[in-house]
Engineer: 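Got a structure for you, written out below as structure tokens; questions coming shortly.
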Amino acid sequence: MQTILIVDDNDLTLLHLSTLLESRFRIVTANTKSKCLDRLHSTPVHMILLDLNMPDVKNLDLLYYVNENFPMLPIIIVSSDENPNIIVKCLKIGAKHYVFKSKINESLTYFIDIINEVFEESSEKRKKEFILPNTINCLEIIPSREYELAIKSSKGGLNLVINGETGTGKSFLVSKIHQEIASNAPLICINCASICETLVESELFGYEKGAFTGAESTKIGKIEAANGGILFLDEIGKMPKYVQEKLLTVIENKQFYRVGSSVPIHVEFQLISATNINLETLVKNGSFLPDLYYRIHQFSISLPPLRNSEKYTLQLASYFIKKFNTDYQCNFEINYSLKTFLITHSWDGNIRELKNKLQTIIAMHSQGESISFNNTPDTEFNDSLSFDIQSYEKIKLIQALKKCTFNLSKTSRLLKIPRSTLQGKMKKHQISQNKISN
């Protein structure tokens, strides 16, 4: 729920506005300048409704201060002053809207619509600065079971760990979770592998104006920016030990301090972590804090690598081909050679590698190139695609034999061919007899 700070020196006005809005938003109030500043520096708020005419505020000083020190905080002026010059000046300083108190009494719907409109505008601005890119429809590329478990655990407020090799779609899944459970709230990503030691405090926790040389205005950190939304810790297995300790304190206490401040700030966020490293192994070798592991690991899922599922690989390939056919305005289709390559290639880069390979092929196809798979610039790709039907048959025979631990009777039943036919094909493809145990 979004938090609104209402600032007005009239206690009856504070009560009236609070009563009107408390069913839709979390409300905090201040009836003096000093209380307003205390609230701003101690409580993460998402919007401020600001009265202009307060006895302890000169001219538009408070508006100037809030706009300068909290540039991401949207301000709506709520005032009885209908002077057009004042209205224009407030909007130039940075107020998002100017509402007459008389209008609120006439129509609550009008007032709510303005607040929602400003929230939506502010949300889009914050997304551009913080949100992960979401260029691919996540639901199309994440196995349905893993997707359902991730959504259910997140809706239940559980800290989620997503395991998976590089390129298996962990970030895509987080984007989808955000769309499902908190689309109007921020999604903040911290790449744990790239945290700079000298900047970790200010990046994560923000700082107060004047906290150090160059701190010309108050800045919120990424943890505070995630308040009310999702905090995504990508590559958490690579998080430095000193950062783990700081993060553990935040998760345990739900509060932190900006650099240069002694006032604690309370935060609430949904925590999602992703890793391509086994965290239990890191705990055992001492490079990951056990307490942090148990805090973040309330529920976990694992995204499968492509090499473990022919069906999943072909499903993704069909999705990407459809997408790139639209992008490049062509009608490329999977042929036998490409299908063979898709289900036999190791795909060490998983979804990311598959996407790039198919985009290369279709981009060339759209420019009139005849795709024999020898036209693509990737040598390894070219060599891997030089399969014929016989090569494909040999690969499938070996896969079946391994699955049945080289038992000929089981393998013939699996392939639905006579045992004698199986032995003949093994001889043709020179599959060594000494590996077979009947």
Side-chain angles (χ1 to χ4, degrees), residues 1-6 21-28 39-40 42-49 70-76 96-97 112-135 137-139 142 147 150-162 170-191 203-206 219-234 236 247 250-251 253-256 258 265-274 295-296 298-299:
M1 181 178 288
Q2 292 132 318
T3 300
I4 295 178
L5 170 61
I6 306 175
L21 300 175
E22 63 186 1
S23 64
R24 296 175 173 85
F25 310 100
R26 178 172 175 262
I27 302 299
V28 291
R39 297 286 189 274
L40 289 173
S42 63
T43 305
V45 298
H46 303 100
M47 178 181 291
I48 181 170
L49 305 182
F70 299 89
M72 297 296 291
L73 181 64
I75 305 166
I76 296 178
K96 300 300 182 185
H97 219 291
I112 296 296
D113 286 345
I114 288 175
I115 291 175
N116 288 332
E117 178 185 319
V118 173
F119 264 135
E120 184 175 348
E121 179 186 332
S122 175
S123 176
E124 289 303 314
K125 184 177 179 182
R126 293 180 72 172
K127 284 178 182 180
K128 288 178 182 178
E129 180 170 349
F130 291 113
I131 200 169
L132 295 170
N134 186 26
T135 57
N137 185 344
C138 177
L139 188 58
I142 299 297
Y147 166 74
I151 294 294
K152 287 179 180 178
S153 64
S154 297
K155 284 184 176 179
L158 300 178
N159 293 335
L160 172 66
V161 175
I162 305 174
K170 299 186 291 294
S171 294
F172 297 144
L173 177 56
V174 174
S175 295
K176 187 59 182 178
I177 293 172
H178 174 252
Q179 292 172 23
E180 286 288 321
I181 73 170
S183 60
N184 292 323
L187 167 58
I188 308 301
C189 174
I190 297 175
N191 188 322
E203 284 297 309
L204 296 187
F205 307 119
K219 177 185 176 181
I220 65 171
K222 289 195 171 185
I223 289 177
E224 185 174 351
N227 186 51
I230 295 175
L231 180 65
F232 174 38
L233 303 176
D234 196 13
I236 192 170
L247 182 64
V250 176
I251 295 174
N253 302 326
K254 296 291 185 180
Q255 67 179 32
F256 65 95
R258 291 195 192 123
I265 295 177
H266 182 79
V267 286
E268 294 287 346
F269 50 75
Q270 174 71 43
L271 181 64
I272 303 178
S273 307
R295 285 287 183 184
I296 68 172
Q298 289 183 302
F299 194 82

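One is the number of the first residue; the rest follow in order along the sequence. Predicted model only: the values in this text are computed from it and were never measured.
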Engineer: Let's go through M47 and K96 carefully: what are the C-alpha distance in whole Å and the side-chain angles of both, what is the deciding distance for side chain to side chain contact (heavy atoms under 4.5 Å, CB included) to 0.1 Å, and is it a yes or a no?
Structural biologist: CA-CA 10 Å; M47 178 181 291; K96 300 300 182 185; over 6 Å; no
Engineer: Let me see the working for L21 and L49 under side chain to side chain contact (heavy atoms under 4.5 Å, CB included), right down to the final yes or no.
Structural biologist: CA-CA 11 Å; L21 300 175; L49 305 182; 3.7 Å; yes
Engineer: Donor-acceptor pair, Q270 side chain versus L158 backbone, under 3.5 Å?
Structural biologist: yes
Engineer: Rounded to the nearest 0.5 Å, what separates atom CD1 in I151 from atom CD1 in I177?
Structural biologist: 5.0 Å
Engineer: Counting heavy atoms not belonging to K152, are there more than 12 under 6.0 Å from its NZ?
Structural biologist: no
Engineer: Please answer whether the main-chain N or O of E268 pairs with a side-chain N or O of N227 as donor and acceptor at a distance below 3.5 Å.
Structural biologist: yes
Engineer: Within a strict 4.5 Å, meaning less than it, do heavy atoms of the V174 and D234 side chains meet?
Structural biologist: no
Engineer: Check for a donor-acceptor pair, side chain of H266 on one end and backbone N or O of N253 on the other, with a separation under 3.5 Å.
Structural biologist: no
Engineer: If I take atom CG from residue L187 and atom OG from residue S175, how far apart are they, to the nearest 0.5 angstrom?
Structural biologist: 6.0 Å
Engineer: Is it true that a side-chain atom of N159 and a backbone atom of R295 form a donor plus acceptor pair closer than 3.5 Å?
Structural biologist: yes
Engineer: Please step through side chain to side chain contact (heavy atoms under 4.5 Å, CB included) for the pair F205 and I265, ending with a clear verdict.
Structural biologist: CA-CA 10 Å; F205 307 119; I265 295 177; over 6 Å; no
Engineer: If I take atom CD1 from residue I76 and atom CZ from residue F119, how far apart are they, to the nearest 0.5 angstrom?
Structural biologist: 8.0 Å
